[in-house]
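Naming convention: chains lettered A, B, ... in sequence-line order (proteins, then strands); numbering from 1 in each chain.
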Protein chains: 2
Amino acid sequence: MNTRQEVLDFVKNGHTRFLPHLSIDCVIFGYHAHQLKILLIRHHGHEKWSLPGGYIARDETLTQAAHRILAEKTQITDLFLQQFYVFGDSVVRMSRIETQQTHNTTFAKVGVTLGDNHWLSERTLSIGYYALVDYLDVVVTPEFLVDGFCWLEIKEIPPLEYDHNEIIAKALATLRSQIYQQPIGYSLLPEKFTLPEIHALYETILGKQFDRRNFRKKLLTLGLIRQLDEQKRIGPHRSPFLYEFDLENYRKALEEGSVLAF
Amino acid sequence: MNTRQEVLDFVKNGHTRFLPHLSIDCVIFGYHAHQLKILLIRHHGHEKWSLPGGYIARDETLTQAAHRILAEKTQITDLFLQQFYVFGDSVVRMSRIETQQTHNTTFAKVGVTLGDNHWLSERTLSIGYYALVDYLDVVVTPEFLVDGFCWLEIKEIPPLEYDHNEIIAKALATLRSQIYQQPIGYSLLPEKFTLPEIHALYETILGKQFDRRNFRKKLLTLGLIRQLDEQKRIGPHRSPFLYEFDLENYRKALEEGSVLAF
DNA sequence: ACAAAAGTGTTCCAGTTACACCCATGA
DNA sequence: TCATGGGTGTAACTGGAACACTTTTGT
C-alpha cells in the first residue's frame, strides 16, 4: 500500500481480499558484522514502534502470505522464513477498543475513522514468523502509512505496540533453539563463506563466544557445512578457507530425525 | 452443542459468538498400559474420521478456547495442553467448495444447508493443540452432530478428513521432541508414581525401549522427577519406590534455559 | 520354593571442553 | 619485519550406552 488511494481501497474493501481476525507479524532479524538487529516500523501518528506485518489473502496459502508480506517490506524473496507461534492471549489483543484506536491513529492520515463493526476494528490473532537477513542487503520500503523504520539491537528494544515484545522474545528463543538444526545463515552468508564469518554469526545470534577449533569441529560433525578447496583473499592476512552449506545432508537429517518437523 | 436447537443456533448465530476463519484442532493422545492412542470423532454422515475441534469465542483468549474445547470433549480440565502449529497451506483447506460440502454433509442432520457466504463455508485456518490423557479416565461426550468416537493407535490411523493426518504427524513429532523438557505425564500419571510406570510411558510415546537403569539416571539428572521414601504394594512382587515430578525444578529450567519458550 | 517384577553399579566409548602456538599475507 | 587474523591438534572430562545379577513379595 504505497498510495493514499490504495490505503483507502484497503480500508474499504480489504475484507473481500483478506481474512479478518488474523494477521502475520514478522520478526526480521538483521545480521551484519557481529550485530543482530530487528527491523521495526513506526506507523503514522504512533510513538511506539511495531513489527512489520500484514494480512492473509483469501486465495493464498499461509506460507505464501508470509513470504509475500516479507517481500513487500524487504524486497527479498526466497529467504529463510519460519512460523513459530500464534499469539492470541494478550490483553491488548482482546480489546476491540484498543485495536480500533490504534488503527484510527494510523488511518487519520488518510482521513478515515473506523466504525465499531469495521473488519479492522475486530479482535485479531497474530501468527508469528521470523526471518534472518543481512540488514545491509535489505532495501526497506516503507508503505504509505509507515512514517519510518529502524534496525535496533535486541538489547535496545523499547516497549512496542501490542504484544510485540513478547513476540520478539519467543522468536529469539526459537531462532536460538533451531540454529544447529536448520541451515540458518544460508540466506545470510554468501554461498561460499569463511569459518570466521559463520563463527561470528553464531556467536552473535547465540550471544556467547565459542572456541574456533571446537566450533569448526561441531559444524563439520553435524554435517551442516563442507570445507572447500578454495581460499579467500582478505587483505594483509592469512587467507581463510571457504566453506559451503551441505543442504543435502541437512535435508536427509530433517527427514530421518522426526524431532524437527518444522 | 448437544441438542438440535443448539446446533441450529450455532449455524445461525455462531459468527456473533465465534471468530470465523479460525479453528482449533486437538490431537488428544490417550495413553494407557503401553498403548498410545489418539481420539478421533466421526461427524454425522461422514465416512472419514477427524480430530475433535472447535472455534474460538470472541471474548476468550486463545488458551482459554483450547482448554474449553478440550473440556467439552473429554470432561477433563487442567491438563497439559500445548499449541504446536498453524495449518493454513493444505489444498483442502483452501477450497471453499470442499469446506462447504463437508459441513453440509454434517448439518444435513438438522436440515440445514449452508449458503456460499455462510461463515462456516469460508476458508478456515486451524491452530493445532495437543494434549495427553489417560484414555480410561476420559468420558468422551459426543456432541449432537457427532456419530461416534474411537481411540486409535497411531499406526492404525486411516486417512482422515482435511489435513488431519498431517496435523497428527506434527503433533507427534512435537510431543516427542518436548518430552524431556516438559513434565509430560504430569496430568497422566498419579501424583506419586513408580519408575516402571513412567518408564513404560516414555517407551510408548517415543516408540522405543530404554534401559531401566539409564532411564532412571537420566530423569533424575534432568531433575524432572524426585524419588520418595515410600513404596507401592503391587501384589506378589517386589515393592517399587514412588516418585513425583519436580515441578519447581522444571519451572526454573524453563525460565533459565531460553531454549524452550513454549 | 517359585514366579514375577523391581532394584542396583560399573565399564566403555563418544562427544564436548579447554587450551596455545605457528603460519600466511600485504603493507 | 611486523601486525593482524586464521589455521591447527591433543589431553581431560563428562554424559550416554551397554550390560546381569540380586532382592522383594505373595501364593
State which residues pass ring-ring contact (aromatic ring centres under 6.0 Å, His included) with [X]; sequence neighbours excluded, sorted by chain then number.
X	result
B:Y243	none
A:Y31	none
A:H199	A:F215

A:V139 backbone acceptor or donor facing A:Q75 side chain under 3.5 Å: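 Here the side-chain-to-backbone pair does not exist.
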
Side chains of residues 146-158 of chain A: which donor-acceptor partners sit under 3.5 Å, not counting sequence neighbours?
| residue | atom | partner | partner atom | Å |
| --- | --- | --- | --- | --- |
| A:E153 | OE2 | A:Q35 | NE2 | 2.6 |
| A:E156 | OE1 | A:E153 | N | 3.3 |

[atom1] of [X] versus [atom2] of [N]: gap in Å, rounded?
X	N	atom1	atom2	value
B:F210	D:dC19	CZ	C1'	17 Å
A:E197	D:dG5	CD	P	14 Å
B:F215	C:dT8	CZ	P	15 Å
B:K232	C:dA5	NZ	P	14 Å
A:R233	D:dG6	CZ	C1'	14 Å

By salt bridge (Lys or Arg N to Asp or Glu O under 4.0 Å), which residues pair with A:K232, not counting sequence neighbours? A:E197

Per-nucleotide protein contact along nucleotides 7-17 of chain D, 5' to 3', at a 4.0 Å heavy-atom cut-off (B base, S sugar-phosphate only, - neither), is BBBB------B

Can you find a donor-acceptor pair, distance only, under 3.5 Å between B:H237 side chain and C:dA5 base? no

